[in-house]
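Okay, so here's the structure we're looking at.
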Amino acid sequence: MLKIFLLVFVLVAIAYFIYPKSPEAREWLISNNNKHALAGNRFASTQDAIRFVENLYSIGAVKVTIPKSAIYDSNNRIQQEGGPYADALEISLPTTQNEREAILNIANKEATNQGMVFNPESDVINNKLLLWWD
């Protein structure tokens, strides 16, 4: 039994380091030297993206992260642009109805601006919402 526990513990530890957590968006953007670190077709600058994330928090977002799969961090990109680039945010939604609706309204607006249809019933998974810009 102890061997199984140790094996599981080691595998979980390895997975933790191989698949690091998605970074918190505001911190990632603030520390990023890329002038257009997030969705360059949506935000005029990294500062503009930071304000967007801060607004999400101010209206009730529990947490805003940059999904690891949305980060483009090749050495060439970092050398040319000063830092990595991302094209999506993941928002952990609040449970308070008014705050939740405010964030869903933003998601609807962003989807509409991208020519997509937003459907909270299918687009909210595990109380999280993905905003992606093409």
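The shown structure was predicted, so the numbers you read here are calculated from the model rather than taken from an experiment. Start at 1 with the first residue, then count along the sequence.
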- prompt: So, for Ala70 and Ala88, which heavy atoms are closest and what is the spacing to 0.1 Å?
  reply: CB-CB, 3.7 Å

Straight-line distance of Ser58 OG to Glu99 CD, nearest 0.5 Å: 10.0 Å

Ile59, Val62, Asn127 screened by side chain to side chain contact (heavy atoms under 4.5 Å, CB included) with Pro94, the one that passes: Val62

task: Please name all residues satisfying side chain to side chain contact (heavy atoms under 4.5 Å, CB included) with Asn113, sequence neighbours left out, ordered by chain then number.
output: Lys109

statement: Paired with Ile50, the side chain to side chain contact (heavy atoms under 4.5 Å, CB included) test is passed by just one of Thr46, Asp48, Val53, namely Thr46

query: Same cluster for Leu130 and Ile71 if Ile/Leu/Val/Met/Phe/Trp/Tyr side chains link at under 4.5 Å?
result: no

- prompt: Can you name the closest pair of heavy atoms from Ala25 and Ile66 and give their distance?
  reply: CA-CG1, 3.8 Å

- request: Please list, chain by chain and in numerical order, all residues satisfying side chain to side chain contact (heavy atoms under 4.5 Å, CB included) with Thr95, sequence neighbours excluded.
  value: none

statement: OG1 (Thr65) and CD (Glu27) are apart, to the nearest 0.5 Å, by 11.5 Å

- request: To the nearest 0.5 angstrom, please state how far the OH atom of Tyr57 sits from the CD atom of Glu24.
  value: 3.5 Å

- prompt: Can you tell me if Trp132 and Glu110 form a side-chain donor-acceptor pair at under 3.5 Å?
  reply: no

field: Step-by-step side chain to side chain contact (heavy atoms under 4.5 Å, CB included) determination, Phe118 to Leu129
entry: CA-CA 11 Å; Phe118 175 69; Leu129 170 67; 3.4 Å; yes

task: Mind checking the CG-CG spacing from Leu29 to Leu89? Nearest 0.5 Å is all I need.
output: 7.5 Å

message: Which heavy atom of Asn32 sits nearest to which heavy atom of Asn34, and what is that distance?
response: OD1-N, 2.8 Å

message: I need the minimum non-hydrogen distance between Phe43 and Leu38, along with the two atoms involved.
response: CD1-O, 3.5 Å

statement: Sequence neighbours excluded, the answer for salt bridge (charged side-chain N to carboxylate O under 4.0 Å, His left out) partners of Lys128 is Glu90

field: Non-neighbouring partners of Arg77 that pass side chain to side chain donor-acceptor pair (under 3.5 Å), sequence neighbours left out
entry: Glu81

- prompt: Is there side-chain contact between Thr112 and Asn108, with at least one heavy-atom pair below 4.5 Å?
  reply: yes

task: Locate the shortest heavy-atom distance separating Lys21 from Lys68; write the atom from each residue and the value.
output: O-CD, 3.7 Å

- prompt: Can you find a pair of side-chain heavy atoms, one from Ile78 and one from Pro84, that are under 4.5 Å apart?
  reply: yes

Residues forming a salt bridge (charged side-chain N to carboxylate O under 4.0 Å, His left out) with Arg26, sequence neighbours excluded: none

- request: Return yes when atom CG of Asn119 has more than 12 non-hydrogen atoms of other residues, nucleotides or ligands closer than 6.0 Å, and no otherwise.
  value: yes

- request: Share the residues that join Tyr72 in a hydrophobic cluster, the rule being Ile, Leu, Val, Met, Phe, Trp or Tyr side chains under 4.5 Å apart at the heavy-atom level.
  value: Tyr85

field: Closest heavy-atom pair and its distance - Trp28, Ala86
entry: CH2-CB, 3.7 Å

